[in-house]
Amino acid sequence: MFTKNAMPKQINEDRRQALTTVQTSTLGHLRDYGFIRGLTPNFRPLSFAGTAVTVRLPHMDSTALHVAADMVRPGDVLVVEQSGDDRSSFGGMVAFTAKTNGAVGVVLAGATNDFEEVVELGLPVYSRGVSARTTRILGIEGSINVPVCVGGVVVEPGDAVFADSDGVAILKESEIDEVVATLRTKEGAEPDMQKKIAAGSKLSEWSGAARYFEPAGGES
C-alpha cells in the first residue's frame with residue numbers, strides 16, 4: 001500500500017534562516033525532548049534548518065524515497081523512517097536529486113551509501129551509518145508526508161528540523177521565534193563571561209554549580 005499526501009506548508013523563510021544562527025546544544029541546556037538520537041552526520045561542521053518532508057519505508061523497499069526526492073523544494077529536509085535491517089536507502093542518485101531540487105539536509109533512520117559522492121555534493125545527512133548493502137525498488141509499500149518516528153522522536157510533515165554539528169532537534173513553527181530569541185540571549189552572554197573567567201572569575205559561580213558545594217549547617 002502506498003500513500004502520498006500533499007506537501008506540507010513550508011516554515012517561514014526568515015524563521016528558517018534564524019534557526020541557523022543558534023545552536024542545538026544551547027537548546028539542549030533548556031529542554032530534554034525533541035532531540036533525535038542515535039544518528040551521526042556525514043561531515044562536520046554543518047548547519048541546516050528546514051521543513052520536514054517525511055517518508056516511511058518498509059524493509060528493503062525504497063520506492064517511496066525515490067518519489068519523495070522528486071518532490072522536495074528549496075528549504076526542505078527529508079526525514080526518513082526505515083524499518084528492517086541496516087541496509088542503505090540513500091545513495092548518490094537520491095542525494096543528487098534531493099540536492100538539485102533544493103533539499104538542505106536529510107535525517108535518515110537507516111544507512112547511506114556512495115559516501116564520498118554525497119559528501120562532495122555538500123548535502124548534510126544524519127544517518128545510522130554507511131552500508132554497501134542497499135534497498136531496492138520493489139513496489140511493496142511506502143508513505144510520503146505522514147507522521148514518522150526517527151531517533152525516538154515523532155516528526156510530522158511541516159515540522160521544523162533544526163540541525164548542526166551537535167545534533168538534530170524538531171520544533172513546531174510556532175516555537176521558533178521564542179526559541180531563537182532565548183538561545184540568542186543565552187549565547188550572547190557567553191563572550192562576556194569568557195572574558196571574566198580569563199580575568200579570574202569562577203565558572204561554577206556563574207553557572208550556579210558552586211552553591212551545591214557550600215558547607216551545610218555551618219560546617220567548615
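In the model, N113 has a side-chain atom that pairs as donor or acceptor with a side-chain atom of S88 under 3.5 Å. For the residue pair Q194 and E190, no side-chain donor N or O sits within less than 3.5 Å of a side-chain acceptor on the partner. Judged by distance alone, the side chains of T21 and R184 do bring a donor and an acceptor atom under 3.5 Å apart.
Residues V107 and V80 form no side-chain contact, since every pair of their non-hydrogen atoms from C-beta on lies 4.5 Å or further apart. No side-chain heavy atom of P124 sits under 4.5 Å from any side-chain heavy atom of P41. For the pair V153 and Y33, the minimum side-chain heavy-atom distance is 4.5 Å or more. Using a 4.5 Å cut-off on side-chain heavy atoms (C-beta onward), I36 and I170 make contact. You'll find the side chain of K4 reaches within 4.5 Å of the side chain of M71, heavy atoms only. Inter-residue side-chain proximity for I144 and V146 is flagged as unmet; no heavy-atom pair is nearer than 4.5 Å. Looking only at side-chain heavy atoms (C-beta outward), V148 and V154 stay at 4.5 Å or farther from each other. Between R16 and I176 the shortest side-chain heavy-atom distance does not fall below 4.5 Å.
Not one N or O on the side chain of E81 forms a donor-acceptor pair closer than 3.5 Å with the backbone of V155. Between the side chain of N101 and the backbone N or O of A69, at least one donor-acceptor pair lies under 3.5 Å. At distances below 3.5 Å, at least one donor-acceptor pair connects side-chain atoms of T51 with backbone N or O atoms of I11. Between the side chain of D61 and the main chain of P58, no donor-acceptor pair closer than 3.5 Å is present. D114 places no side-chain N or O within 3.5 Å of a backbone atom of E117 that could act as its donor or acceptor partner. No donor-acceptor pair under 3.5 Å is formed between the side chain of N42 and the backbone N or O of V130. The closest donor-acceptor contact from the side chain of R87 to the backbone of T135 lies at 3.5 Å or more, if one exists at all.
Between the CZ atom of R128 and the CD atom of Q82 there is a distance of 7.5 Å, given to the nearest 0.5 Å. The OG1 atom of T20 lies 10.0 Å from the CG atom of D164; values are rounded to the nearest 0.5 Å. Taking CD from E156 and OG1 from T54, the interatomic distance works out to 9.0 Å, rounded to the nearest 0.5 Å. With values rounded to the nearest 0.5 angstrom, E175 atom CD is found 11.0 Å from T182 atom OG1. Atoms CZ and SG, on R56 and C149 in that order, are 9.5 Å from each other to the nearest 0.5 Å. In this structure, CE in M93 is found 8.5 Å from OG1 in T100, a value given to the nearest 0.5 Å.
More than 12 heavy atoms of other residues, nucleotides or ligands shown are found within 6.0 angstrom of CE on M193. Atom CD of E178 is surrounded by 12 or fewer heavy atoms from other residues, nucleotides or ligands within 6.0 Å.
Between A103 and V72, the shortest heavy-atom distance links the atoms CB-CG2, 4.2 Å. Contact record, L121 with K99: O-CE, 3.3 Å, taken as the closest heavy-atom pair. The minimum heavy-atom distance between H59 and S83, with the atom names listed, is N-OG, 3.2 Å. Closest non-hydrogen pair, L78 versus F90, comes out as CD1-CE1, 4.4 Å. The nearest pair of heavy atoms linking Y126 to D166 is OH-C, 3.9 Å. What you find for Q23 and L183 is that their closest heavy atoms are O-CD1, 3.6 Å.
In the hydrophobic clustering of this structure, L46 groups with V161; members are Ile, Leu, Val, Met, Phe, Trp, Tyr whose side-chain heavy atoms approach within less than 4.5 Å, directly or through other members. Under the 4.5 Å side-chain contact rule for hydrophobic residues, L203 and F213 do not share a cluster. Residues L65 and V106 fall within the same hydrophobic cluster, defined by Ile, Leu, Val, Met, Phe, Trp and Tyr side chains chained together at heavy-atom separations under 4.5 Å. Grouping the Ile, Leu, Val, Met, Phe, Trp and Tyr side chains by contacts below 4.5 angstrom, directly or via other members, places L19 apart from V77. Each of I140 and M1 belongs to its own hydrophobic cluster when Ile, Leu, Val, Met, Phe, Trp and Tyr are linked at side-chain heavy-atom distances under 4.5 angstrom.
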TODO: Output, in order, the C-alpha distance, side-chain angles, deciding distance and verdict of side chain to side chain contact (heavy atoms under 4.5 Å, CB included) for T63 and L57.
DONE: CA-CA 8 Å; T63 304; L57 301 180; over 6 Å; no

TODO: Might you work through the side chain to side chain contact (heavy atoms under 4.5 Å, CB included) test for V179 and R31, ending with a clear yes or no?
DONE: CA-CA 11 Å; V179 164; R31 66 166 64 169; 4.1 Å; yes

TODO: Check step by step if side chain to side chain contact (heavy atoms under 4.5 Å, CB included) holds for L39 and L108.
DONE: CA-CA 8 Å; L39 307 183; L108 171 67; 5.9 Å; no

- [ ] Take V125 and F43 through the side chain to side chain contact (heavy atoms under 4.5 Å, CB included) test and state the conclusion after the steps.
- [x] CA-CA 8 Å; V125 180; F43 61 80; over 6 Å; no

- [ ] Could you walk me through whether R73 and D76 pass salt bridge (charged side-chain N to carboxylate O under 4.0 Å, His left out), step by step?
- [x] CA-CA 6 Å; R73 307 154 298 188; D76 283 342; 2.9 Å; yes

